[in-house]
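Encoded as structure tokens, the structure appears first; notes follow it.
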Amino acid sequence: MGETTQAPPPSTAEAGPSTGTAAEGSKKQPVVIICIGMAGSGKTTFMQRLNSHLHSRNTPPYILNLDPAVSHMPYSANIDIRDTVDYKEVMKQYNLGPNGGILTALNLFTTKFDQVLGYVEKRAEDVEYILVDTPGQIEIFTWSASGAIITDAIASSLPTVVAYVVDTPRTTAPATFMSNMLYACSILYKTRLPFIIVFNKTDIQPHDFAIDWMKDFEAYQAALNDSGRNEHGESSYMNSLMSSMCLVLEEFYNNLRAVGVSAMTGEGMRGFFEAVEEARQEYERDYKPELDRLASERAAKTEADKKAQLERLMKDMNVSDQSAGGSSRRRGGGGGGDNPFGPYPMNEREDRYYDEEGADDIDEEEQDAIRRQEEEEEEAAHAEELGALDVDEPEIGGMPRSGPNGSRGEAWPRPV
Ligand SMILES: Nc1nc2c(ncn2[C@@H]2O[C@H](COP(=O)(O)OP(=O)(O)OP(=O)(O)O)[C@@H](O)[C@H]2O)c(=O)[nH]1
């Protein structure tokens with residue numbers, strides 16, 4: 001676990017980002033902080049705090065709001081999903097409930113996200129932090145395809161960090177704490193990005209207990225024992241389960257940072273920005289090379305797919321060394337001549353073209369034979385189709401299935 005998991009430093013809102021300013025040397029890319037949290041955890045208040053804090057440091061952030069249902073935003077976003085999609089209108093038009101409306105609004109917005117990213121990248125020179133607020137219904141972002149697309153798109157372009165906001169006063173029960181940690185764990189493994197757990201509302205409840213439980217299995221075990229004995233003093237099944245999970249999560253705890261903040265008072269902001277800086281370094285060191293590797297793998301796969309498609313196409317066109325000799329009957333014969341399909345020996349389809357267009361050297365009898373064969377093949381295919389459907393050929397509106405000109409299936413709709 002990172003050093004930032006210690007008890008909250010007695011810092012104030014005045015403390016600023018300790019590192020990462022333009023003044024320190026060459027201009028770094030801005031860090032994107034994606035704020036995720038359960039409804040009511042204080043995400044919006046935290047975003048507002050980050051915004052006012054960065055303004056006070058003369059490093060105003062660039063803000064993206066991805067929550068289409070937020071009614072009041074105490075800060076103004078540079079890009080706001082609500083300017084593009086009205087989720088209530090989406091609900092009406094698609095006959096959806098609120099969650100469906102929010103998810104569909106996010107999906108619609110995602111279709112334009114390349115443009116959004118373009119704007120963000122343009123501003124990347126001028127800002128140090130890009131803040132992203134996500135829908136209050138956490139699963140809409142964390143478990144949707146659009147959430148993953150947006151996260152991946154941002155992370156493959158700029159250093160990105162996930163800040164998971166936790167309502168500390170509501171996490172003091174060992175069972176709630178465990179649920180919250182499991183959720184955080186699932187998001188970490190889903191996004192595969194540097195992760196910071198932000199224990200919010202420390203003005204009401206300090207987060208030391210949470211840090212203890214994360215660092216010390218026995219401390220958690222003791223809290224569990226205190227809370228979960230039945231009237232006979234026996235540990236319940238749920239307690240055994242949670243205690244095993246705590247052991248499993250040890251590895252997860254080692255891979256993340258946890259800080260305590262109060263979005264209300266601004267306490268803990270210095271610790272948070274230190275954690276962000278650490279996370280940025282982790283992104284550059286561990287995540288970026290992996291993302292680059294995946295990107296080049298994707299590019300190589302696309303290239304290979306293209307090549308395979310081209311080879312298939314060539315094969316379909318009968319363009320191979322074997323057929324290069326061609327039969328003596330085939331015109332073109334490798335020399336081009338009057339072959340409109342290029343300088344290759346012609347295949348069957350091309351032969352047919354010649355048969356139809358300029359077959360003066362094929363006698364009428366041969367043409368009749370070809371036509372008869374084609375008709376027979378067509379009828380056989382049609383019979384097979386009807387056989388598969390296990391129906392007799394129906395008549396539609398008293399008319400036979402043959403079209404008005406007598407040709408089969410030409411003008412009448414096919415039976416379903
Ligand atoms: N005491 C205290 N209250 C806080 C703090 N942060 C947020 N709150 C309160 O918690 C409540 C929820 O805060 P929001 O910021 O609306 O939470 P949210 O996660 O954005 O909620 P959704 O919009 O439902 O996603 C509000 O009443 C806030 O005033 C904090 O640090 N300390």
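Reckoned from all heavy atoms, side chains included, excluding hydrogens, waters and symmetry mates. Counting convention: from 1, in listed order, for ligands and their atoms alike. Being a predicted model, the structure only gives us computed values, none of them experimental.
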Are Y253 and F217 an aromatic pair, judged by ring center distance below 6.0 Å?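 No; Y253 has its ring centre 6.0 Å or more from that of F217.
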Check: F273 ring centre within less than 6.0 Å of H53 ring centre: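 Yes, close enough.
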So is [X] in contact with ligand 1, going by heavy-atom distances below 4.0 Å?
X    : answer
V70  : no
G37  : no
Q137 : no

Identify, for [atom], the protein heavy atom at the shortest distance, and state residue, atom and that distance.
atom                    : answer
atom 26 (C) of ligand 1 : T45 OG1, 4.7 Å
atom 18 (P) of ligand 1 : K43 N, 3.5 Å
atom 20 (O) of ligand 1 : T44 OG1, 2.6 Å
atom 22 (P) of ligand 1 : G40 N, 3.8 Å

Would you say ligand 1 has an N or O under 3.5 Å from any N or O of [X]?
X   : value
A39 : no
F46 : no
D67 : no
G42 : yes

I'd like to know if the side chain of S41 pairs up with that of D167 as donor and acceptor (distance under 3.5 Å, no hydrogens or angles considered).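 Side-chain D/A pair, S41 to D167: absent.
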Below a 4.0 angstrom heavy-atom separation, can you tell me which part of T265, side chain or backbone, both or neither, approaches ligand 1?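 The answer is neither; T265 stays 4.0 Å or more away.
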Is any side-chain N of the basic residue among K301 and D305 closer than 4.0 Å to the acidic one's carboxylate O?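 Judged by the 4.0 Å cut-off on N to carboxylate O distance, K301 and D305 do form a salt bridge.
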Less than 4.0 Å between a side-chain N and a carboxylate O, is that true for K315 and E311?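 Looking at E311 and K315, the cut-off is not met.
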A175 versus Y220, closest heavy-atom pair with distance: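 In terms of heavy atoms, the two residues are closest at N-OH, 4.4 Å.
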